[in-house]
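Report on the following structure.
Residue numbering restarts at 1 for every chain, and letters A, B, ... go by the order of the sequence lines. Keep in mind that what you see is a predicted model, and the values were worked out from it rather than measured.
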Amino acid sequence: MDPVSTEEIQRRLLGWFARHRRDLPFRRDRSPYRVLLTEVMSQQTAAEAVGHHLERFLVRFPDVPTLAAAAEQDVLALWQGLGYYSRARNLHRAARMMVERFGGHVPADPADLRALPGVGPYIAAAIGSFAFGRDAAAFDANAARVLARLFDLDRATPGLAESLLPHGRAADWNEAVMDLGALVCVPRAPRCALCPLADLCAGRQAGRAASLPCKPVRRPRPEVEVTTLVLRDGAGRLGLVQRPSAGLLAGMWECPSVEGGASPAEVARRHSLDLCGEVEPLPALRYTFTHRIWRVRPYRAVGHGPVRWVDAAEMRELPLGGPSARLAVAEGARIAVPK
DNA sequence: AATACGGGGAT
DNA sequence: ATCCCAGTATT
């Protein structure tokens with residue numbers, strides 16, 4: 001890329017950005033802690049879902065020391081519904097590291113940022129540029145798509161993004177590239193007629209902008225059958241168990257379940273539950289994760305055993321994993337209300 | 001270099 | 001039903 005064209009790209013895109021900038025709520029306050037939270041929450045997550053959770057999270061955990069002092073379960077509970085729960089666990093660990101090593105503040109040094117759990121190249125660059133005014137290229141999926149098309153590449157590289165950065169304007173530039181990717185240079189059907197770079201775009205000239213960047217072939221998701229007990233005690237409370245601290249829905253609570261087409265009696269045996277009376281089948285439920293599908297076969301049952309019995313109020317404080325959260329909501333009206 | 005890791009919105 | 005996303009950690 002010769003310097004004249006680079007400057008032309010920068011001039012046009014920043015000019016476009018001045019007129020079409022998205023007014024996102026989390027762009028107004030650029031304090032390092034808020035930027036960190038915003039970027040972690042935004043990762044692979046729609047902006048609309050982030051707004052609500054971000055405000056709620058900030059009320060409960062307004063600064064790094066407050067977050068560091070919290071119980072992990074409470075952090076997970078506020079993360080419920082956002083997905084990718086390792087983000088919440090890493091954020092909590094990062095807060096503790098920031099208290100121990102950086103006086104309870106988000107560090108400005110790029111190497112210190114990268115050392116925080118959950119902070120990778122993108123988030124380090126985002127914090128660097130948005131909160132600390134550094135010249136760092138935030139190479140996200142938008143940038144990868146915009147640059148692959150602009151230069152007609154199967155895949156763009158972080159180095160290319162770095163080379164286009166206008167000195168001293170990284171924050172605006174990063175947002176400009178993201179907004180172009182979100183509003184104009186969209187994945188399926190790019191709106192090239194609205195693009196300020198259309199006549200410079202090699203991918204468009206080659207007639208293959210819409211198919212860039214080249215995506216790897218996806219394997220079909222395996223389907224797993226999961227038998228689940230919607231379990232109650234004599235008082236009508238719901239019996240929940242906690243998932244392991246690693247892997248899918250790590251640390252989240254759920255109805256006692258077993259994978260692999262087990263019978264309800266087998267689920268009870270595996271969780272050391274004593275069931276009283278009949279089990280009642282509930283409508284089956286299909287739950288799609290990123291990389292697998294659960295065919296959930298829920299049964300309503302009454303019994304006792306080594307589970308955590310929760311009433312409706314307690315349930316709201318616990319982080320519930322995907323399918324069980326859905327089941328619990330469906331059962332909500334039936335769960336005992338505290339007096 | 002692949003794969004694991006959620007959930008919701010757009011098409 | 002499928003694709004995609006303000007990615008990161010692990011293997």
- Task: Establish, with yes or no, whether the OP1 or OP2 oxygen of B/dC5 is under 4.0 angstrom from a side-chain nitrogen or oxygen of A/His291.
- Result: yes

- Item | Given C/dC4, C/dA6, B/dG7, the nucleotide with the shortest approach to the side chain of A/Lys215 | C/dC4

- Task: Name the nucleic acid region contacted by A/Gly321, choosing base, sugar-phosphate or nothing; use a 4.0 angstrom heavy-atom cut-off, strictly under.
- Result: nothing

- Flag yes if more than 12 heavy atoms outside A/His52 fall under 6.0 Å of its NE2 atom; otherwise flag no. no

- Message: Students often get this wrong, so: under 4.0 angstrom with heavy atoms, is A/Leu24 touching a base, only sugar-phosphate, or nothing?
- Response: base

- Rounded interatomic separation in angstrom, taking CZ from A/Phe17 and C1' from C/dA6: 13 Å

- Query: A/Asn142 near the nucleic acid: base, sugar-phosphate alone, or nothing, with a heavy-atom cut-off under 4.0 Å?
  - Reply: sugar-phosphate

- Provide, to the nearest angstrom, the distance between the NE2 atom belonging to A/His53 and the P atom belonging to B/dG6. 14 Å

- Item | Base C/dC4 paired with A/Arg188 side chain (donor-acceptor, <3.5 Å) | no

- Task: Give A/Thr45 one of three labels, base, sugar-phosphate or nothing, depending on what nucleic acid heavy atoms sit under 4.0 Å from its own.
- Result: base

- Item | Sugar-phosphate, base or nothing in reach of A/Arg145, heavy atoms under 4.0 Å | sugar-phosphate

- Which is true for A/Phe26 with a 4.0 Å heavy-atom rule: it touches a base, it touches only sugar-phosphate, or it touches nothing? base

- Message: Between C1' on B/dC5 and CH2 on A/Trp294, what's the gap in Å once rounded to a whole number?
- Response: 12 Å

- Message: When the P atoms of B/dG6 and C/dT11 are compared, how many Å lie between them, rounded to an integer?
- Response: 15 Å

- 5'-most by nearest nucleotide on DNA chain C - A/Arg114 or A/Glu39: A/Glu39

- How is A/Val119 classified with respect to the nucleic acid when contacts are heavy atoms under 4.0 Å: base, sugar-phosphate, or nothing? sugar-phosphate

- Message: Using the salt bridge (Lys or Arg N to Asp or Glu O under 4.0 Å) definition, which of the options A/Arg169, A/Arg21, A/Arg22 pairs with A/Glu175?
- Response: A/Arg21

- Just to confirm, is there a sub-4.0 Å distance from OP1 or OP2 of C/dA9 to any side-chain nitrogen or oxygen of A/Arg87? no

- Message: Side chains of A/Tyr122 and A/Glu39 only: does a donor on one sit below 3.5 Å from an acceptor on the other?
- Response: yes

- Query: What does A/Ala126 touch in the nucleic acid at a heavy-atom separation under 4.0 angstrom: a base, only the sugar-phosphate, or nothing?
  - Reply: nothing

- Message: From C-beta outward on A/Ala141, which listed nucleotide comes closest to its side chain: B/dC5, B/dG7, C/dG7?
- Response: C/dG7

- Expressed in whole Å, how much space separates the P atoms belonging to B/dA10 and C/dA6? 13 Å

- Message: Cation-pi check for A/Trp294 against A/Arg286: NZ or CZ below 6.0 Å from the six-membered ring centre and within 45 degrees of the axis, yes or no?
- Response: no

- Query: Under 4.0 Å: is that the gap between some side-chain N or O of A/Tyr84 and OP1 or OP2 of C/dA9?
  - Reply: no

- Item | Whichever of A/Ala49 and A/Ala246 has its nearest DNA chain B nucleotide further upstream toward 5' | A/Ala246

- Query: Does the side chain of A/Arg27 get closer than 4.0 angstrom to OP1 or OP2 of C/dA6 through an N or O atom?
  - Reply: no

- Message: Once you apply a heavy-atom cut-off of 4.0 Å, does A/Ile123 come out as touching a base, just sugar-phosphate, or nothing?
- Response: sugar-phosphate

- Would you call A/Glu55 and A/Arg34 a salt bridge, taking side-chain N to carboxylate O under 4.0 Å as the test? yes

- Scan A/Gly181 against the nucleic acid and name what it touches under 4.0 Å (heavy atoms): base, sugar-phosphate only, or nothing. nothing

- Query: How about A/Asp135 and A/His167: does a side-chain donor come under 3.5 Å of a side-chain acceptor?
  - Reply: yes

- Indicate, with a heavy-atom threshold strictly under 4.0 Å, whether A/Pro216 touches base, sugar-phosphate, or nothing. nothing

- Item | Nearest-angstrom distance from the residue atom CD of A/Gln44 to P of C/dC4 | 12 Å

- Integer-rounded Å distance: C/dT2 P and A/Glu223 CD: 10 Å

- Task: Would you kindly give the CZ-to-P distance between A/Arg155 and B/dA2, to the nearest whole Å?
- Result: 10 Å

- Task: Determine whether the aromatic ring centres of A/Trp79 and A/Phe57 lie less than 6.0 Å apart.
- Result: yes

- Note on the structure: A/Trp253 CH2 to B/dG6 C1', in whole Å, measures 20 Å

- Item | Phosphate OP1/OP2 of C/dA6 contacted by A/Gln43 side-chain N/O (<4.0 Å) | no

- For the pair made of CZ in A/Arg326 and C1' in B/dG8, what is the distance, rounded to whole Å? 11 Å

